Amino acid sequence: MAAPSDLAFDPWDPAFVADPYPAYAALREQGRVRYFEPTGQWLVAHHADVSALLRDRRLGRTYLHRFSHEEFGRTPPPPEHEPFHTLNDHGMLDLEPPDHTRIRRLVSKAFTPRTVERLRPYVRTLADELVAGLVEAGGGDLLRDVAEPLPVAVIAEMLGIPESDRAPLRPWSADICGMYELNPSEEAAAKAVRASVEFSGYLRDLIAERRKNPGDDLISGLIAAHDEDDRLTEQEMISTCVLLLNAGHEATVNSTVNGWWALFRHPDQLAALRADHSLVPTAVEELMRYDTPLQLFERWVLDEIEIDGQVIPRGAEIAMLFGSANHDPAVFADPSRLDLTRRDNPHISFSAGIHYCIGAPLARIELAASMTALLNQAPTLRLAAEPVRKPNFVIRGLEGLAVEIG
């Protein structure tokens with residue numbers, strides 16, 4: 001078992017957070033699985049292992065469908081954190097079958113290829129309008145002016161959240177997602193609890209309103225599901241809506257700003273993209289691989305597993321390093337090179353297995369729409385100031401991205 005001092009992995013070191021990829025390379029050289037004492041997790045850094053474990057049913061996002069906290073050797077969360085855990089634990093991302101299957105089957109009806117494709121004109125129009133505003137202003141903050149409002153508006157529109165109610169959605173999401181970092185502080189926990197209470201209260205009122213006055217939106221559709229096999233409890237409905245809002249924009253926002261920051265640092269690739277807009281689809285995939293928006297994803301060991309001769313017991317926690325897997329030279333030729341023409345690109349930024357991101361097709365449409373709008377309307381877009389990276393490790397993003405029209 002490795003002591004932390006001999007690992008390159010240090011998620012609280014600003015230098016590591018700024019660029020974790022060289023450390024990942026060192027970690028992969030040290031073996032297929034390593035124990036990290038500060039978080040009590042087993043780190044898995046190779047693409048083949050991460051991909052296989054995401055599909056391994058001996059692991060789970062929760063253990064409460066099979067064990068109590070005590071049976072699993074875990075301490076229950078503090079009572080004061082209960083509002084966050086109630087909200088989080090009833091969303092399909094943190095459930096296992098059969099509850100996960102039931103909820104995903106119902107929600108997936110809103111994410112069929114045909115339904116998502118029908119959103120494409122709306123997404124394009126909104127992206128064009130947001131970029132037009134940026135251009136008219138001569139520049140601004142790409143995160144605040146384009147990257148954030150686009151996916152938030154799209155998922156809020158799908159759910160039927162009125163435009164006048166959307167301002168708190170992003171702050172609520174940011175505070176809740178603070179609990180997904182490693183060893184979150186009590187301050188972060190308090191913010192997440194407060195946001196959970198406020199977000200849940202808002203949605204409870206909105207659901208009550210939709211029960212009386214249904215509309216053509218996802219919340220109304222969830223309420224109208226009368227099949228006993230699919231019906232959601234009110235808490236499941238609230239948790240599902242929060243998950244869709246959080247996951248439906250968090251990765252897209254960060255992929256947008258991480259991606260453009262990478263393009264500005266690779267002017268040859270940006271020039272190639274500006275010269276040939278047909279590269280947009282492969283550029284979207286490569287930028288998600290190159291600077292992965294979700295760096296780490298956790299799983300509980302429900303039944304003992306073995307990795308490279310190391311037995312990992314039931315009750316342990318696996319930390320799958322998506323960012324490392326996406327830079328594994330065993331899968332990606334010259335992984336540290338940004339190559340917008342890369343065709344063989346099996347990145348795992350959207351996860352895999354039963355928890356594969358249900359909104360991945362919509363996210364791709366959003367990312368392509370904003371990129372295309374910026375290429376078309378702002379061909380001389382350039383960096384106005386060096387960005388500040390958020391201190392978070394798990395959810396990787398920037399505080400902002402100041403740009404100007406050249």
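All of these numbers come straight from a predicted model, not from anything done at the bench.
- Side-chain atoms of Arg34 never come within 3.5 Å of backbone atoms of Phe9 as a donor-acceptor pair (strictly under, hydrogens ignored).
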Which is it for Glu129 and Thr125 under the side-chain hydrogen bond (donor to acceptor under 3.5 Å, both in side chains) test, yes or no, and what are the steps along the way?
CA-CA 6 Å; Glu129 290 173 354; Thr125 299; 6.0 Å; no
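- Counted within 6.0 Å of CZ on Arg74, heavy atoms from surrounding residues, nucleotides or ligands total more than 12; the atom is thus considered enclosed.
- Among all heavy-atom pairs drawn from Val257 and Leu401, the shortest one is O-CD2, 3.8 Å.
- Under 4.0 Å is where a charged nitrogen must lie from a carboxylate oxygen, and between Glu236 and Arg102 at least one such pair does.
- Between Glu117 and Arg120 a salt bridge is recorded (basic side-chain N to carboxylate O distance below 4.0 Å).
- Distance alone, capped at 3.5 Å, is enough to place a donor-acceptor pair between the Arg389 side chain and the Gly397 backbone.
- With hydrogens and angles disregarded, a donor-acceptor distance shorter than 3.5 Å links the side chain of Arg396 to the backbone of Ala18.
- Counting heavy atoms from C-beta on, the side chains of Leu302 and Phe72 come closer than 4.5 Å.
- Salt bridge status for Arg61 with Asp94: present, with a side-chain N to carboxylate O gap under 4.0 Å.
- Note: Tyr356 and Phe350 have perpendicular aromatic rings, judged against thresholds of 30 and 60 degrees for the angle between ring planes.
- Side chains of Val242 and Leu203 form a contact here, defined as non-hydrogen atoms less than 4.5 Å apart.
- The cationic atom of Arg170 (NZ for Lys, CZ for Arg) does not lie both less than 6.0 Å from the six-membered ring centre of Trp172 and within 45° of the ring axis.
- Nearest heavy-atom pair across Glu181 and Asn392 is OE2-CB, 3.3 Å.
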Going through the distances and angles, do Arg66 and Asp303 end up as a salt bridge (charged side-chain N to carboxylate O under 4.0 Å, His left out)?
CA-CA 11 Å; Arg66 287 183 51 183; Asp303 295 298; 2.9 Å; yes
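- How far CG of Asp175 is from CZ of Arg194: 6.5 Å, rounded to the nearest 0.5 Å.
- Remark: side-chain polar atoms of His100 are paired, donor with acceptor, to backbone N or O of Ile354 under 3.5 angstrom.
- Proximity of Pro151 to Val253: side-chain heavy atoms (C-beta onward) are separated by under 4.5 Å at one or more points.
- Between the side chain of Ser220 and the backbone N or O of Pro214 there is no donor-acceptor pair closer than 3.5 Å.
- In this structure, the separation between CG on Asn258 and CG on Leu143 is 9.5 Å, given to the nearest 0.5 Å.
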Give the intermediate values and the outcome of side-chain hydrogen bond (donor to acceptor under 3.5 Å, both in side chains) for residues Asn376 and His277.
CA-CA 9 Å; Asn376 286 335; His277 293 189; 3.3 Å; yes
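- Side chains of Glu96 and His355: a donor on one and an acceptor on the other come within 3.5 Å.
- The aromatic rings of Tyr24 and Tyr21 lie perpendicular to each other, with more than 60° between the two planes, well past the 30° mark.
- Here the CG-CZ distance, from Leu362 to Phe111, works out to 6.0 Å after rounding to the nearest 0.5 Å.
- The side-chain heavy atoms of Val152 and Leu245, taken from C-beta on, include no pair separated by under 4.5 Å.
- Listed by chain and residue number, nothing satisfies the ring pair (Phe, Tyr, Trp, His ring centres under 6.0 Å) test with His65 (two or more places apart in sequence, or in another chain).
- Within the 4.5 Å cutoff, the side chain of Leu232 has heavy atoms near those of the Ile103 side chain.
- Checking side-chain atoms of His47 against main-chain N and O of Pro346 turns up a donor-acceptor pair under 3.5 Å.
- With 3.5 Å as the limit, one finds no donor-acceptor pair spanning the side chains of His249 and Glu148.
- Across all non-hydrogen atoms, the minimal contact from Ile155 to Leu244 is CG1-O, 3.5 Å.
- For Glu157 and Arg166, the salt-bridge test passes: some basic side-chain N is under 4.0 Å from an acidic carboxylate O.
- With hydrogens and angles disregarded, no donor-acceptor distance shorter than 3.5 Å links the side chain of Asp10 to the backbone of Phe16.
- Donor-acceptor pairing under 3.5 Å is lacking for the side chains of Thr62 and Asp89.
- Under 4.0 Å is where a charged nitrogen must lie from a carboxylate oxygen, and between Asp217 and Arg210 at least one such pair does.
- Of the candidates Thr292, Asp291, Leu367, Leu367 is the only one forming a side-chain contact (heavy atoms from CB on, under 4.5 Å) with Ser255.
- Looking at Glu285 and Asn345, their side chains come closer than 4.5 Å, going by heavy atoms from C-beta outward.
- Closest approach of Arg274 to Ala378, counting heavy atoms only: NH2-O, 4.3 Å.
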Ser173 vs Asn246, side-chain hydrogen bond (donor to acceptor under 3.5 Å, both in side chains): CA-CA, chis, key distance, verdict
CA-CA 5 Å; Ser173 173; Asn246 290 355; 3.1 Å; yes
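- Salt bridge Arg32/Asp308: present, at least one basic N to carboxylate O contact under 4.0 Å.
- The closest donor-acceptor contact from the side chain of His266 to the backbone of Ala262 lies under 3.5 Å.
- Taking both residues in full, the closest heavy atoms of Val123 and Ala369 are given as CG1-CB, 3.7 Å, listed atom of the first, atom of the second, then distance.
- Annotation: the span from Leu206 atom CG to Cys241 atom SG amounts to 7.5 Å, rounded to 0.5 Å.
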Which donor-acceptor pairs under 3.5 Å do side chains of residues 316-325 form with protein atoms, sequence neighbours excluded?
residue : atom : partner : partner atom : Å
Glu317  : OE1  : Gln41   : NE2          : 3.4
Ser324  : OG   : Arg28   : NH1          : 3.0
Ser324  : OG   : Ala45   : O            : 2.7

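- The heavy-atom pair separating Leu95 from His90 by the smallest distance is CD1-O, 3.7 Å.
- Between the side chain of Thr86 and the main chain of Pro83, no donor-acceptor pair closer than 3.5 Å is present.
- Proximity of Leu294 to Leu296: side-chain heavy atoms (C-beta onward) are nowhere separated by under 4.5 Å.
- Atom OG of Ser239 sits about 4.5 Å away from atom CG of Leu87, to the nearest 0.5 Å.
- Comment: Asp339 does not engage Arg342 in a salt bridge, judged by the lack of any side-chain N to carboxylate O separation of less than 4.0 angstrom.
- Between Ile307 and Ile305 the shortest side-chain heavy-atom distance falls below 4.5 Å.
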From CA spacing to verdict: side-chain hydrogen bond (donor to acceptor under 3.5 Å, both in side chains), Tyr63, His69
CA-CA 8 Å; Tyr63 52 80; His69 292 296; 2.7 Å; yes
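- For the residue pair Ser200 and Arg204, no side-chain donor N or O sits within less than 3.5 Å of a side-chain acceptor on the partner.
- Leu273 CG to Leu287 CG: the interatomic distance, rounded to the nearest 0.5 Å, is 8.0 Å.
- A donor-acceptor contact shorter than 3.5 Å is absent between the side chain of Gln295 and the backbone of Ile395.
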